[in-house]
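What follows is one structure encoded as structure tokens, with my remarks underneath.
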Amino acid sequence: MQQPTLPPADSGNADFELARRIIENTGEHLFLTGRAGTGKTTFLRRLMQSTHKRIVVAAPTGIAAINAGGVTLHSLFQLDFGPFVPGAPHKPSHRFRKEKLKLIHSIDVLVIDEISMVRADLLDAVDDALRRLRRSPLPFGGVQLLLIGDLRQLSPVVIEKEWNLLREHYPTPYFFSSHALRQCPYVVIELEKVYRQEDSHFLSILNAIRDGKVTAGVLNKLNARCRPGFTGDGDRPWIQLTTHNHLAAAINAGRMSRIKELPRVFEAQVEGNFPEALFPAEAKLTLKPGAQVMFIKNDPLHGYYNGLLGTVKRINDDNTVIVVPEDRNDEIRVEMQEWENREFTVREAEGDIEEKVVGFFRQLPLKAAWAITIHKSQGLTFDHAVIDAAAAFAHGQTYVALSRCRTLEGLVLSSPIPASSIISDTVVSSFLQSGTSTRPGEEQLQQMEHAYSQTLLDNLFDFSRVRNDFDNLRILATQAFRNIAPKLPAMLNERKAEIVEKMEIPASRFHAQYTTLIQRQDLAALNARLRAAAGYFAPLVSDLEKYVKNLPSSHDNRTYQERLAEYTTQLLQELGDKSTQFEALQKEDFSPMALLRARSKALIANEKTTPVRSAAKKSKSAKKTTQKERKPREIQLPPGFEGDANVYRALKKWRLQKMYTTDKPAFTIMYEKTLVELATALPGSREEFLAINGLGPAKWKEYGLEILKIIANPQHFLP
């Protein structure tokens, strides 16, 4: 039997093309659903290969994440595993690394695979993290969502104790009850064409079960396949699908014990970061010649795929295994295969997102497979399966089991399926019926594309965040340097007024112009106006960047130091993002892709803007770094400084050397304000030294003569 194949990318699947356009050309959230075998996974793989957006793939469980080539939602956003209660205070329990923050800031599209398993409160926890980390009030921090899964199949895990806490906040546990998702419109596309089954008679039975419209006639046709006690006909491998783990384990153990051959145990090899919870195969795999096995990995080159059944013919001394696949006469030589655990990172050269391999798991891609749980059969296809679904206990479980089979003839029931085992949630049915009505036509799709262009330009020409970030920095700098740089507050107030008058107000007026041109679809006029606007704003943004970089950033107080670094970095990131986009508009015609590329470029430029460490932190790490290894940093003069610049810089360098050699915090050696007064008054004697505020006999005894020498000859202390 060959692996089920899907049509090539240019096969004309209208659903695929519509979904692609929504993700590529709009900012609308998309829920991509469809019955088993409709190509949801194939769509995701093609999108990842062709998109110009920066995409991160996540899933609710470790195995689902490995299968999707992504990461878990909990690891991506460092979420707790307990319930997320809306409205309750949520203090992050973990600090985010700089690389993780950069990744989250760069996401254009967040893909969540197996969304049917995501509980509503988990999706709201993702929303909370994205808003907080991206400093955005928009749902999901302005990130576009691509949600993939089938609500008729796997359901979210609901623990009664947790649901008692959540039921006051959510009408259902399903993802579509998320408060954040209900705040924003999203499109639902249900893939219609089924590639797994071609038998229309069998498809009609599956559809009736999936939709909860099972009649007595449908049950009779299905239960006609019931053969109690049947485990296989001996001519080919049959796999049993059970509802519970212990049933599958008992069947496999029992069948393996009947084989008189000696067992061989294969131990997995783990390298790097690959947690046990993510293991895609058994850490210790026991096999015997004659054992029925299932391949658990795709390898077209060697002729097998995930879900292919076969029988172990022999086990070689070199730890390879010869397997005879079902319905084929050839043999497959099976060797150790490798699975990768990946993390998403931002590519330094281009600024886009790439997957980084952080760990490896190596094992034979096999498992004993006389039986498997219905849950673990998700996504697999079988030619011959014995199904025990009479004890189905969850919504969609019976449909998942039956839809694993390619044909009705390859399906056998171990016991009749009663109507009570076909569990369908009316809430899901109601949601899907209303959701599919959101499918856009061509005219609506074009409106969505225009709205996306509008949104990108609105964000670019919105200077309110620049003003707010500058205002935060202005207030903090005024507090921090009021004694050191008394002229600074007036200078900062003047610059704030310029931001409002020269940037924010003109940008607000320009909004009406480009909005009208987008609505008229007058691209020539739109490009001309955008190019002119970019020519006006780009120099202003560049000038403000230089101004912010030259503001005082070093401070004796650790709290001030760290907050100044934080506020400065935030503002420079915002300005850098706008600067690269304005540069792009000056060089090429407007398109969403052009601005997205520019934003990627901004990430690289922003990497050069790093917070300045506090004096306290420097002192702790001084012993780890020699003086030769430290890169000298230009010493900035305080705004409005009227003293001797060389003396001030020499005194700053002297204090830095003292800090490294004595391991004392900078302010205990000498306050910044005192350095400014020394460089202004230029004392030449003990009396003049002691006349300066903050300096007494103790300081004179400890540092007096050194400082007088520096004042007399500052060049000696400067490079």
Side-chain angles (χ1 to χ4, degrees), residues 52-54 98 101-102 104-108 134-136 142 346-353 453-474 492 495-511 513-514 526-551 553 565-612:
H52 61 268
K53 289 188 176 180
R54 296 169 294 189
K98 180 181 177 181
L101 285 173
K102 182 172 68 171
I104 291 173
H105 278 288
S106 69
I107 298 174
D108 294 320
R134 292 168 64 96
R135 300 191 304 128
S136 171
V346 178
R347 198 194 312 265
E348 295 299 330
E350 295 84 3
D352 58 357
I353 292 175
S453 296
Q454 176 86 40
T455 298
L456 290 175
L457 291 177
D458 286 348
N459 289 335
L460 175 58
F461 289 100
D462 180 4
F463 284 89
S464 61
R465 187 160 161 177
V466 170
R467 173 183 33 86
N468 288 334
D469 285 352
F470 184 86
D471 210 31
N472 290 334
L473 181 60
R474 178 188 66 83
L492 291 173
R495 179 60 68 156
K496 178 186 175 182
E498 290 181 4
I499 292 173
V500 174
E501 295 171 6
K502 295 183 178 180
M503 301 168 78
E504 189 171 15
I505 293 176
S508 177
R509 292 171 179 167
F510 182 54
H511 175 273
Q513 295 184 38
Y514 66 73
L526 176 64
N527 286 321
R529 292 298 301 128
L530 289 176
R531 191 169 290 112
Y536 169 79
F537 286 107
L540 294 174
V541 171
S542 178
D543 180 64
L544 184 57
E545 281 185 286
K546 295 176 182 177
Y547 181 85
V548 172
K549 289 178 181 177
N550 287 326
L551 286 174
S553 56
E566 177 187 353
Y567 288 177
T568 300
T569 299
Q570 289 177 357
L571 180 53
L572 288 176
Q573 287 175 345
E574 181 72 17
L575 293 171
D577 188 53
K578 290 186 182 300
S579 180
T580 54
Q581 292 184 70
F582 285 136
E583 180 182 348
L585 289 178
Q586 290 178 287
K587 294 180 178 179
E588 59 182 303
D589 289 343
F590 164 73
S591 69
M593 186 184 299
L595 292 191
L596 291 174
R597 282 199 305 263
R599 285 163 54 183
S600 296
K601 182 180 177 182
L603 281 174
I604 306 305
N606 288 337
E607 272 300 282
K608 299 176 182 178
T609 305
T610 55
V612 180

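Computation of the quantities below employed the complete heavy-atom set of this structure, encompassing side-chain atoms and omitting hydrogens, waters and symmetry-equivalent molecules.
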Who are the side chain to side chain contact (heavy atoms under 4.5 Å, CB included) partners of A528, not counting sequence neighbours? none
Closest approach of G142 to S136 (non-hydrogen atoms, all atoms of both residues): N-OG, 4.2 Å
Which heavy atom in S106 sits nearest to a heavy atom in R54, and how many Å separate them? O-NE, 2.9 Å
Using 4.0 Å as the upper bound for N to carboxylate O, is an ion pair formed by R597 and E588? yes
Kindly state each residue pair satisfying salt bridge (charged side-chain N to carboxylate O under 4.0 Å, His left out) with at least one member in residues 531-540, sequence neighbours excluded. R531-D589
Which pair of non-hydrogen atoms, one from K578 and one from F463, has the smallest distance, and what is that distance? CD-CE2, 3.8 Å
For K502, the side chain to side chain donor-acceptor pair (under 3.5 Å) test, sequence neighbours excluded, returns none
Could you list the residues that satisfy side chain to side chain donor-acceptor pair (under 3.5 Å) with R134, not counting sequence neighbours? none
Pairing residues for S464 by the side chain to side chain donor-acceptor pair (under 3.5 Å) criterion, not counting sequence neighbours: D462
Taken to the nearest 0.5 Å, the spacing of R529 CZ from L585 CG works out to 12.5 Å
Side chain to side chain donor-acceptor pair (under 3.5 Å) partners of R135, counting only residues at least two apart: D469, Q570
Sequence neighbours excluded, the answer for side chain to side chain contact (heavy atoms under 4.5 Å, CB included) partners of S591 is M593, A594
Going by heavy atoms in the side chains, are L492 and L473 under 4.5 Å from each other? no
State which residues pass ring pair (Phe, Tyr, Trp, His ring centres under 6.0 Å) with F461; sequence neighbours excluded, sorted by chain then number. F510, Y514, F537, F582
L596 side, atom CG; D108 side, atom CG - distance, nearest 0.5 Å: 5.0 Å
Testing the basics here: between E501 and P506, what is the closest heavy-atom pair and its distance to 0.1 Å? O-CD, 3.2 Å
Give the minimum heavy-atom separation between F470 and R495, together with the two atoms involved. CZ-CG, 3.5 Å
For D577 and Q581, does a side-chain donor sit closer than 3.5 Å to a side-chain acceptor? yes
Stepwise, does the side-chain contact (heavy atoms from CB on, under 4.5 Å) test hold for L551 with T568? CA-CA 9 Å; L551 286 174; T568 300; over 6 Å; no
Reference residue R599; test side-chain contact (heavy atoms from CB on, under 4.5 Å); the match among T580, N459, L460, L456: L456
If you compare all heavy atoms of A534 against all heavy atoms of Q586, which two are closest, and at what distance to 0.1 Å? CB-CG, 3.6 Å
Listed partners of E583 passing salt bridge (charged side-chain N to carboxylate O under 4.0 Å, His left out), at least two apart: K587, K601
With a 3.5 Å distance limit and no angle check, can you tell me whether T569 reaches the backbone of A565 through a side-chain donor-acceptor pair? yes
Validation row: F590, L595 side chains within 4.5 angstrom (heavy atoms): yes
Would H511 and Q454 count as a side-chain contact (heavy atoms from CB on, under 4.5 Å) here? Give the steps. CA-CA 9 Å; H511 175 273; Q454 176 86 40; 3.6 Å; yes
Not counting sequence neighbours, which residues clear salt bridge (charged side-chain N to carboxylate O under 4.0 Å, His left out) with R474? List them please. D471
The criterion is salt bridge (charged side-chain N to carboxylate O under 4.0 Å, His left out); which residues satisfy it with R465, sequence neighbours excluded? E574
Find out whether M503 and V541 are in side-chain contact, i.e. whether some heavy atom of one side chain is under 4.5 Å from a heavy atom of the other. yes
